[in-house]
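Keep in mind that the numbers below use all heavy atoms, side chains included, and drop hydrogens, waters and symmetry copies. What you see is a predicted model, and the numbers here were worked out from it, not measured in a lab.
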Amino acid sequence: MFENLPIIPLRGLVVFPLQTALFDISRAGSLLALEQAMDEQKRVFLAAQRDTSVENPHIEDLYSVGTVARVRQIMRMPDGALRLLVSGERRALLVELEEHGNFAMAHIAPMAICRLEDERVRRAHARVLRGLVRDLNRQTDALTSEALNMIVGEKDAVVMGDIAAAHVLGAFEDKQELLECRDEEERLQLLEHKLSEELQIVKLERDIQSKVSATIEQHNKDYYLREQIRAIHEELGDTEENELEAFRKQLSDSALPPGPREAVERELRKAEHLSPGSPESSIAFNYIEYMMSFPWGKYTSGHFSLEHARRILDQEHYGLEDVKKRVLEHLAVMSIKGGVKGPVLCFVGPPGVGKTSIARSIARALGRKYARMSLGGVHDEAELRGHRRTYVGAMPGGIVAAMRQAGSMDPVILFDEIDKLAHDLRGDPAAAMLEVLDSEQNCAFMDHYMDAPLDLSQVMFIATANTAEEIPPALLDRMEIIEVPSYTYTEKAQIARLHLVAKQMRENGLNGNQLRFQDSALTEIIDGYTREAGVRELERLLGSICRKAAISVAEGSTRRITITGKNVSEYLGARKYLSQPVEAKPETGIVNALAWTSVGGETMPIEVAVMPGSGHIDMTGRMGDVMKESVRTAYSFIRSRSREYRIAGDFHKTNDLHIHMPEGAVPKDGPSAGVALTCAMLSAITGCPARQDVAMTGEVTLRGKVLPIGGVKEKLMAAYRMGISTVLVPEENQKDLEKIPQDVRNHLQVKTIQRVEQAIDYVLIR
């Protein structure tokens, strides 16, 4: 319900309810408003002006919350002004201003107040306020004894708060803020905070005034000089005011988007009111400096040429034809669409095959800056999203840091080892990656340190992993998996000849006149000293040879050193891996299985021994639960075919089996050894020797059916490296054989099987 009262605008003055105030009025509008009030009910509405220089204020020049007051006394001053004595009654909201000639009537509404009902809380606030007022008056002696007794003698905390605000607070803005506060408890807390702050300032001022400049702390001295003698900034050597002005000018000339610009402006306003040398001041300046140094509006994407991209990929990577073809397809789509929206490329493969260098080549092909972020072992979400500035030592997240390092808004950012992400009580970083890798959401990415939206839609993200199985499903759904296969012997030799030899000679200060590698030497190093999917160990060995050759050059030798297949051992020692003859003698109870690991494929011999006992099965070699189940499945299959293979009916009661997988310190798991386990156990039980030039893989069911498995390419590469001539794979993996390099297919005879009996007939010599 509205009420109409004459309004008297106040300049730099706030009147509270239950406060008796004395002030002068001289403006014609105020005098006419007072005359109208005296003719009616002697009540006026008092509202403070926002700008004291406005002579005839309108509604937008007044604060919306004021006080209804009753006029108690009027005194005429010699200069014609009137001095009013008024008493405040209640808060009210200014709804509308109606002009009546030279004065105005205010349409006001009651102000809804959130009452503090808890009597104990009211008494507690009353005690706190009494203590603060007494302490403050003890320091300043600004209150008369009557005013002090009136404040501390009041029993109601809310009433005491209004009286204390009127008599103790000095800043007009603080009083208006308390007048506008609707919640009584929040109003009391705000008043207590301001009184405490005022008390600290008063104590600090007294301390500054009582100590000599030689013993005063530097930050207190700076504070005192700024607040008391602003004219001597240059003598102090203080440059914060100049820094603020420089930041403002830099901000006006920068290309900050609206969100970050608003955040910087807010921090600049905050920095103006902070005391110099305080921790909050340094935090604010660090934030402003970081935001202004971020590459807002800087883009490096230029003209894209598919032929240029193809040339860079071919120059820097030998082989990997399928990978380069898929990368070129992705880049071609990007050039047509004019953006990077689409699935994130994720290169999956064993270590050392060139996943990281492919990402670097893509950045060169696009003409973009390149930044890399390693995710191995990252278990804190803040390492990606940053820390909030409320924490000591807060920093931006890795994504923002990578963009700042690259110096552009559209770099190529590589998330290396994305399958190594961890999570603990501090959060799940994989969940934080979901927004980053989703092109529909990352246009407004929020870093906790920046606290402003950041557009990542023009950033090209690339990920690498050793295995896709370790990547969380939700994260995997946002990426397109591109498998980077292991290298063949031929590819390794070409990579070493075209890239690695020249790189290591250059890094060790050698040239072609001082050191030369023959092709036979490269073949010997690859075959006798490395067993890896990639070329990292090969590069280390080439570097070792170069360093040994550098000794001779440093000693003054002018003769060119030639590394051949015969003298490699002089530099690297005896061969680590001896070539085994393909036509190995068949043995009983041992079969070659093929296994997949995160560093490529491996051959895995399975040994089985039979001894008298009570039907117990021992399994050693750190087998996992799934592999132990494969052992039981294979054993049950053999027992179900005991008549067919002429095994005694009580064999399972009178004999024990011991199944062992060498390299017992290495964990092993998975169902793909089922075929090899069946053949090895049957060979040991029946005494039939098994061929050693055959390796196999596949999961077996109780009925003897062979199921498909994964990692076929890596497993065949492992057989190829070990010199095995024949490999048995499930028939349903026939489609995977097309991805095998031609030279591997030329050296391997791959047979597909549907049932385990086919493997038994081929491997066991009966």
Side-chain angles (χ1 to χ4, degrees), residues 319-320 322-323 326-327 343-359 372-379 414-423 428-431 433-434 437 461-488 531-537 593-604 622-627 630 661 663 665-674 697-699 707-721 729-730 733 735-736 739-741:
L320 304 178
D322 291 341
V323 175
R326 178 63 192 90
V327 168
V344 174
L345 298 182
C346 180
F347 298 112
V348 176
V353 294
K355 302 185 294 296
T356 303
S357 62
I358 290 175
R372 172 182 169 273
M373 182 179 179
S374 177
L375 299 180
V378 172
H379 52 76
L414 173 67
F415 291 127
D416 213 359
E417 309 291 352
I418 199 170
D419 57 330
K420 306 298 190 302
L421 280 172
H423 63 89
D428 186 359
M433 291 290 293
L434 298 178
L437 299 183
F461 293 106
I462 299 176
T464 68
N466 293 135
T467 169
E469 284 74 13
E470 299 296 329
I471 303 175
L475 202 56
L476 191 65
D477 184 58
R478 285 164 168 78
M479 299 187 294
E480 178 175 347
I481 301 300
I482 298 179
E483 294 189 1
V484 184
S486 306
Y487 291 118
T488 64
R531 281 287 188 272
E532 59 176 342
V535 293
R536 198 165 284 159
E537 179 64 19
L594 295 174
W596 180 93
T597 69
S598 61
V599 295
E602 294 289 343
T603 57
M604 183 174 62
R622 292 196 67 181
M623 297 186 191
D625 292 338
V626 177
M627 186 168 286
S630 295
M661 293 187 177
E663 297 188 27
V666 180
K668 309 167 187 72
D669 203 1
S672 62
T697 182
E699 180 181 354
L707 302 180
I709 41 81
V712 173
K713 186 174 183 179
E714 284 72 19
K715 292 176 179 179
L716 293 185
M717 294 289 290
Y720 167 72
R721 289 197 299 268
V729 299
N733 287 114
K735 61 184 183 300
D736 298 317
K739 301 178 182 178
I740 309 301

Nearest-0.5 Å distance that lies between atom CD1 in I482 and atom CZ in F347
4.5 Å
Who passes side chain to side chain contact (heavy atoms under 4.5 Å, CB included) against E417, sequence neighbours left out?
D419, K420, N466
Donor-acceptor under 3.5 Å (D669 side chain, V626 main chain)
yes
Can you find a heavy atom in the side chain of V344 that is under 4.5 Å from one in the side chain of R478?
no
For the residue pair P350 and K355, what are the closest heavy atoms and their distance?
O-NZ, 3.0 Å
Rounded to the nearest 0.5 Å, how far does CD1 of I462 lie from CG of L414?
6.5 Å
For S374, all residues meeting side chain to side chain contact (heavy atoms under 4.5 Å, CB included), sequence neighbours excluded:
R372
Answer yes or no: are there more than 12 heavy-atom neighbours, outside E537 itself, under 6.0 Å from its atom CD?
yes
Can you give me the closest heavy-atom contact between R536 and G352, atom names plus distance?
NH2-N, 3.5 Å
List in chain and number order the residues that pass salt bridge (charged side-chain N to carboxylate O under 4.0 Å, His left out) with E480, two or more places apart in sequence or in another chain; answer none if no residue qualifies.
R326
Output all residues satisfying side chain to side chain contact (heavy atoms under 4.5 Å, CB included) with T697, sequence neighbours left out; order by chain, then residue number.
L594, S672, I709, K715, V729, P730
From I481 CD1 over to L476 CG, what is the distance, rounded to the nearest 0.5 angstrom?
4.5 Å
Taking only residues two or more places apart in sequence, or in another chain, which ones meet Y720 in a ring-ring contact (aromatic ring centres under 6.0 Å, His included)?
Y489, H747
Identify, with sequence neighbours excluded, every residue that meets side-chain hydrogen bond (donor to acceptor under 3.5 Å, both in side chains) alongside E470.
none
Measure the CG-CG distance between L437 and L475 for me, rounded to the nearest 0.5 Å.
5.5 Å
So which atom in I471 and which in C346 form the shortest heavy-atom distance, rounded to 0.1 Å?
CD1-SG, 4.2 Å
Which pair of heavy atoms, one from I418 and one from M433, lies closest together, and at what distance?
CD1-CE, 4.1 Å
Is there a side-chain contact between L707 and P671 (heavy atoms, below 4.5 Å)?
no
